[in-house]
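Positions are given from 1 along the sequence. Computed over heavy atoms, backbone and side chain alike; hydrogens, waters and symmetry mates excluded. Indexing begins at 1, ligand by ligand and atom by atom, following the structure's order.
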Amino acid sequence: MRKINVLFMQSQDYFGADSLVHSLLMRHFNRTSVTVYAACNAGSRQKESASLKALSGIEQLNLRPTYFGPSINHTSKREILAQAIPGGLATLASLTSLAQYIRKHSIDVIHCTEKPRDAFYGLLLARLTGARCVIHIHVKAENWISPLVQWAMRHADALVGVSQFVADSIVAMGYPANKTHAVLNSLDLNGWRADVDGSGVRQEYGVAPSTPLLAIVSRLFYWKGHVELLRALGQVKATHPDFKLLIVGADDPRGMPGRGSFTAELKALSAELGLNEHVIFTGFRQDVPQVMAACDIYAMPSFEEPFGMVYLEAMAMRKPVIALDNGGAREVIEHGKSGLLSQPQDIDQLAANIRTLLDSPTLRVEMGAYGRQQVEQFFTPQRMAHEMERIYRSILGLPQEVAKDIALALQ
Ligand code: UDP
């Protein structure tokens, strides 16, 4: 079978949720059929980038520290020129050298996120070198996406959404359905052992072992559903006075330009709804597995969540999930099996779903067990890497690996 050479573009210094998904691909491609390269933001002379640090732990990855120049996330030509001129020559030299590297290693596919430097430079490099370009999209596709990225999307060989919801949004923007695919994200269960101990988190916040504990873990960002969750809990407390909610995460400065602190808004709402005794704001925490282990219910009624890695994290920790029946969430959580879903804006049903789980520890255990099984059996990095390899083979006009397909289907 012909081996494929794939190069990942990791232009960002910051190692976010999208970088994590790509790193799982880099780690889990079958090395007998794919050789993996990554051009990764090198950081500065003083400090290597968070991305380089994270990727350097991956075995059998050909990692190439690269200078990607200044950000090009701009909407006007004037902004693009203002950024391009100062860093232009150095960026051009760096990308020229990356093109030589791509030719030298016979890279077949350049795999990018929808971040502007990944997608725009990735497409240019593909066109210069004859490689194919795949843009892996982690957000709902809408018109706010930079024109440079939209141009790259028009010319890419394949567009991959992290859910069918994202793939549909790409097609709804006018991109051809026959080059648009959905590959659902996955979770590496290392670090998400179901027997992690959450008692320390409960002790830290003074939550008794017998008190039902809900948690929402995310950037504090309007669309994640904190407001709706608090409003629903305002109803729930009339019938269920004994519960606590951990609001885990920090304000997302990009999330609410000109609106001030979302944490402050949520604290005010919590007071207005008489929930102060129930709600605990923890700020950003590194120990999400322990937080998940501590809670009984994961509740995040996020609006149009593209996928929601954190739902997989909750499921991995055997927690039933409360979410909305929209966006990518419905592809991750099965209503009645791994959690309970409600329609956006239906606060009464959201409250009813929470009550159902508060009332039945048995249902919580059953749903938690089903969620864990789904993560173990379906949301695996191996499945994700296999599906992505099939897309590569299809755009390269190479035969698929039939035997492995059959083996996977039989699992
Ligand atoms: N997260 C974390 N600590 C926090 C809040 C969030 O480590 O205090 C992590 C969370 O565990 C998840 C990620 O941030 O892995 C958020 O990813 P998700 O895809 O759910 O949301 P996004 O931020 O990409 O919209």
task = Indicate yes or no: does Glu305 engage Lys224 in a salt bridge with an N to O separation below 4.0 Å.
result =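 Yes, charged N to carboxylate O under 4.0 Å.
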
query = To the nearest 0.5 Å, how far apart are CD1 in Ile137 and CE in Met153?
reply =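 One finds 3.5 Å between CD1 of Ile137 and CE of Met153.
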
query = To the nearest 0.5 Å, what is the distance between NE2 (His136) and OG1 (Thr113)?
reply =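 OG1 of Thr113 is found 9.5 Å from NE2 of His136.
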
Could you list, one pair per line, each nitrogen or oxygen of ligand 1 together with any protein nitrogen or oxygen closer than 3.5 Å, giving atom names and the distance rounded to 0.1 Å?
residue, atom, partner, partner atom, Å
ligand 1, 3 (N), Arg285, O, 2.8
ligand 1, 8 (O), Arg285, N, 2.9
ligand 1, 11 (O), Glu313, OE1, 2.6
ligand 1, 15 (O), Glu313, OE1, 3.4
ligand 1, 15 (O), Glu313, OE2, 2.6
ligand 1, 19 (O), Met309, N, 3.3
ligand 1, 20 (O), Val310, N, 3.2
ligand 1, 21 (O), Lys224, NZ, 3.3
ligand 1, 23 (O), Arg219, NE, 2.9
ligand 1, 25 (O), Arg219, NH2, 2.7
ligand 1, 25 (O), Lys224, NZ, 2.8

task = Would you please classify the geometry between the His22 ring and the Phe8 ring as parallel, tilted or perpendicular, with 30° and 60° separating the classes?
result =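 Rings of Phe8 and His22: perpendicular, over 60°.
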
task = Report the relative orientation of the aromatic rings in Tyr298 and Tyr311; use parallel for angles under 30°, tilted for 30 to 60°, perpendicular for over 60°.
result =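 Taking Tyr311 first and then Tyr298, their aromatic rings stand perpendicular (interplane angle over 60°).
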
key: Ring centres under 6.0 angstrom apart (His138, Phe307)   =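 Ring centres of Phe307 and His138 not closer than 6.0 Å.
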
